[in-house]
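Below, chain A is the first sequence line, B the second, and so on; all start at residue 1.
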Amino acid sequence: MSDVAEAQVEITLPDGAKRTYGTGTTGAEVAADISKSLGKAALACRIDGKLADLSQPIEHDAQLAIVTAKDDAALELIRHDCAHIMARAVQELWPEVKVTIGPVVDNGWYYDFDREEPFSDEDFAAIEKKMREIIAKRDPVTTEVWDRDRAIRYYEANNEPYKVELVEAIPEGEPIRMYWHGHWQDLCRGPHLVHTGQVPADAFKLMRVAGAYWRGDSRNKMLQRIYGVAFRNKEDLKAHLTMLEEAAKRDHRRIGKEMELFHIQEEAPGMVFWHPNGWSIYRTLEDYMRRRLAKAGYKEIRTPQVVDRVLWERSGHWENYRENMFITEIDEGSEAGGHANQKRTNALKPMNCPCHVQVFNQGLKSYRDLPLRMAEFGACHRYESSGSMHGLMRVRGFTQDDAHIFCTEDQIEEETARFIPLLASIYRDMGFESFEIKLSTRPEKRAGSDEIWDKAEAALESAVRKVTNDYVIDPGEGAFYGPKLDFKLTDAIGREWQCGTFQADFVLPERLGAEYVAADGTKKRPVMMHRAILGSFERFIGILIENCAGRFPLWLAPRQVVVATIVSDADEYAGNVLEALKDSGLRAEIDTRNEKINYKVREHSAAHVPVILAVGRQEVEQGTVSMRKLGEQGQKVMPLAEAVAAIAAEAVPPDLREDG
RNA sequence: GCCGGCAUAGCUCAGCUGGUAGAGCAUCUGAUUUGUAAUCAGAGGGCCGGGGGUUCGAGUCCCUCUGCCGGCACCA
């Protein structure tokens with residue numbers, strides 16, 4: 001032991017400087033040694049790149065970096081300590097509450113508690129106050145590594161059953177780290193700040209309380225989760241709260257109401273009533289997709305929405321998906337006098353694939369027909385659980401931009417390679433520049449031989465690589481019937497949405513007996529590729545609304561132009577302007593109300609109308625219009641024909657533009 | 001489905017500890033003919049989400065159903 005005590009470690013700092021200390025020195029000591037101010041500012045450290053407590057002894061030569069408030073890691077530390085400080089505050093206020101886990105999440109943290117009484121908004125104020133008291137105390141944060149039995153006994157003695165479970169779950173060989181924030185104790189991986197006073201007292205806020213299952217399993221008890229946000233300083237917190245307000249303003253449910261796009265009502269939860277403005281967007285989008293798919297070699301079809309259970313039994317949906325299906329039962333034959341009350345059970349289709357196989361199965365298919373790309377704007381219904389519905393984003397009745405590609409195993413790669421650029425181009429046209437690709441590979445429980453999985457996974461991956469090396473693999477996350485690619489796009493405020501998908505299926509063609517005649521004259525099974533780009537029209541329009549905050553690009557805007565009169569003497573001329581716009585295929589409306597032009601401009605601008613053409617006496621005399629574009633200050637007076645041509649040119653859908 | 005919250009005029013919301021409803025915007029009517037983000041005046045408008053209960057009396061308290069909101073779970 002004495003050898004060790006005398007031994008020295010060489011510490012290399014980020015600027016390359018080397019310093020020598022006794023073995024077991026700590027980051028705190030080194031920081032204080034470098035300078036008094038650094039010693040004070042130090043929050044934590046990195047030992048050989050790994051974030052660690054300042055109090056952690058350094059036993060070997062190491063790279064050491066001191067983490068201060070400027071460091072990116074500081075935020076995470078602050079949030080993590082907030083979680084502990086909040087848990088301590090809660091237990092000081094209500095000692096009977098049992099603590100569980102409290103990780104850092106985007107912008108803040110949460111902590112799950114087991115408490116009989118629900119937390120109320122009033123409780124939040126009390127908890128925040130208590131947290132500030134704890135911060136003001138500047139209680140030191142200390143840590144020890146305990147052995148498992150001791151930790152378990154400790155938590156049993158303290159009546160913290162969840163902590164006992166957590167300790168038991170820590171894998172052999174991993175340290176069981178106990179932390180104290182002052183007198184209050186928690187099990188934690190760490191690292192933590194040096195003392196509670198390093199958390200800014202004015203830069204955190206408790207946001208909301210929500211239910212959450214213990215360990216995320218719905219069979220377990222529901223706990224109460226308190227979410228909070230924390231930042232380096234008051235200004236950042238304020239900026240974040242402002243950002244949340246801005247995000248709320250682009251909520252598609254709110255904009256949908258304001259712009260009269262759609263509504264949903266109690267008698268049809270999760271089903272959309274599209275209003276004229278919303279339906280205009282929908283149809284414009286559908287027309288666009290129809291052109292894109294036709295150009296990409298897809299044949300559009302249409303299949304029934306109500307189908308006998310027999311088909312669902314054959315496809316496997318009856319067994320695996322029934323609880324998500326709308327089922328109808330009707331009496332047949334009772335009136336005809338035959339067998340009374342024969343029941344026939346149908347289901348509303350939750351997916352289009354079985355129907356598409358039926359179309360494929362009509363007539364004998366040759367290998368020369370493959371790949372066969374069968375597209376449908378398929379109206380589907382799924383009985384989604386009541387708690388999962390959300391505006392247009394998660395509904396029970398929706399229409400997919402669905403297609404199935406029937407092909408040979410050898411064609412999977414080529415079809416994948418065709419699909420990805422099509423998807424990218426469509427996303428770009430919709431205003432989304434970037435997206436992520438995820439490859440999900442074979443799960444434990446699966447159908448199909450290893451050979452075919454090997455082949456399909458390799459085909460998907462190789463096709464992706466032709467486009468980009470920027471993709472992630474999610475092992476074991478594939479469907480039981482085949483591997484898949486998922487595509488996630490990023491919207492204007494940085495949120496990600498999974499829309500596109502490209503999935504191989506080895507099972508359904510088998511179950512529904514799809515086959516083709518191969519070149520050698522034998523019958524073979526095709527592989528089926530399920531694929532969608534938008535996902536569903538409903539959800540995608542929801543995403544579009546939030547992405548542009550209701551200010552649609554001209555080609556998608558439901559009302560492209562409003563002609564607004566300044567004086568009633570201009571009414572007749574305004575009518576002519578309207579006709580000219582409509583003749584050019586533009587969606588235009590006229591506003592001859594007895595209101596000031598200020599009023600009209602304000603109202604139509606608020607409604608996100610892209611172009612307002614104001615006409616007064618001057619315009620009538622000169623045959624001009626005064627054009628005002630949304631988002632721009634001021635206006636331009638120009639001859640009517642010129643204005644119409646300019647607007648019409650801008651309103652051409654992106655796939656039909658000359659400049660491509 | 002689970003936990004918590006919410007449901008009042010077309011919209012956004014107020015209505016304290018129970019005493020048969022109120023504002024702004026919108027709508028309608030009238031005046032005003034107006035030059036680029038709100039002209040003025042007046043009027044109409046509500047089974048207070050549905051059902052049940054407590055009470056002399058319920059928008060307000062209790063139970064229940066439905067829907068919505070925030071999460072969680074789900075999303076072969």
Judged by each residue's nearest nucleotide on RNA chain B, which is more toward the 5′ side, M351(A) or D251(A)?
D251(A)
Closest to the M222(A) side chain: U12(B), G70(B), C72(B)?
C72(B)
Between atom CD1 in I566(A) and atom C1' in U33(B), what is the gap in whole Å?
11 Å
S568(A) has its side chain closest, among C72(B), U33(B), A38(B), to U33(B)
Checking F506(A) against W453(A) for the ring pair (Phe, Tyr, Trp, His ring centres under 6.0 Å) test, could you report, in this order, the C-alpha distance in whole Å, the side-chain angles of both residues, the deciding distance, and whether it holds?
CA-CA 9 Å; F506(A) 319 130; W453(A) 275 91; 5.6 Å; yes
With a 4.0 Å cut-off on heavy atoms, is H604(A) in touch with a base, just the backbone sugar-phosphate, or nothing at all?
nothing
Can you tell which of G70(B), A37(B), A76(B) lies closest to the side chain of S605(A)?
A37(B)
So, does N547(A) use its side chain to make a donor-acceptor pair with the main chain of L544(A) at under 3.5 Å?
no
Would you say E376(A) and T303(A) are linked by a side-chain donor-acceptor pair, where the criterion is simply a distance under 3.5 Å?
yes
Once you apply a heavy-atom cut-off of 4.0 Å, does E595(A) come out as touching a base, just sugar-phosphate, or nothing?
base
Options G35(B), C74(B), A76(B), nucleotide nearest the side-chain atoms of S385(A)
C74(B)
Counting only side-chain heavy atoms from C-beta out, which of G70(B), A38(B), A73(B) sits nearest to Y213(A)?
A73(B)
So what does R253(A) touch, heavy atoms closer than 4.0 Å: a base, only the sugar-phosphate, or nothing?
sugar-phosphate
Measuring from the side chain of I597(A) (C-beta onward, heavy atoms only), which nucleotide among G35(B), G70(B), G4(B) has the closest atom?
G35(B)
Before giving the answer on salt bridge (charged side-chain N to carboxylate O under 4.0 Å, His left out), spell out for D491(A) and R250(A) the whole-Å C-alpha distance, their side-chain angles and the decisive distance to 0.1 Å.
CA-CA 12 Å; D491(A) 75 8; R250(A) 26 175 98 216; over 6 Å; no
Does the structure show a Watson-Crick or G-U wobble partner for G45(B), both distances under 3.5 Å? Name it, or say none.
none
Pairwise C1' distance, C48(B) and C61(B) [rounded to whole Å]:
15 Å
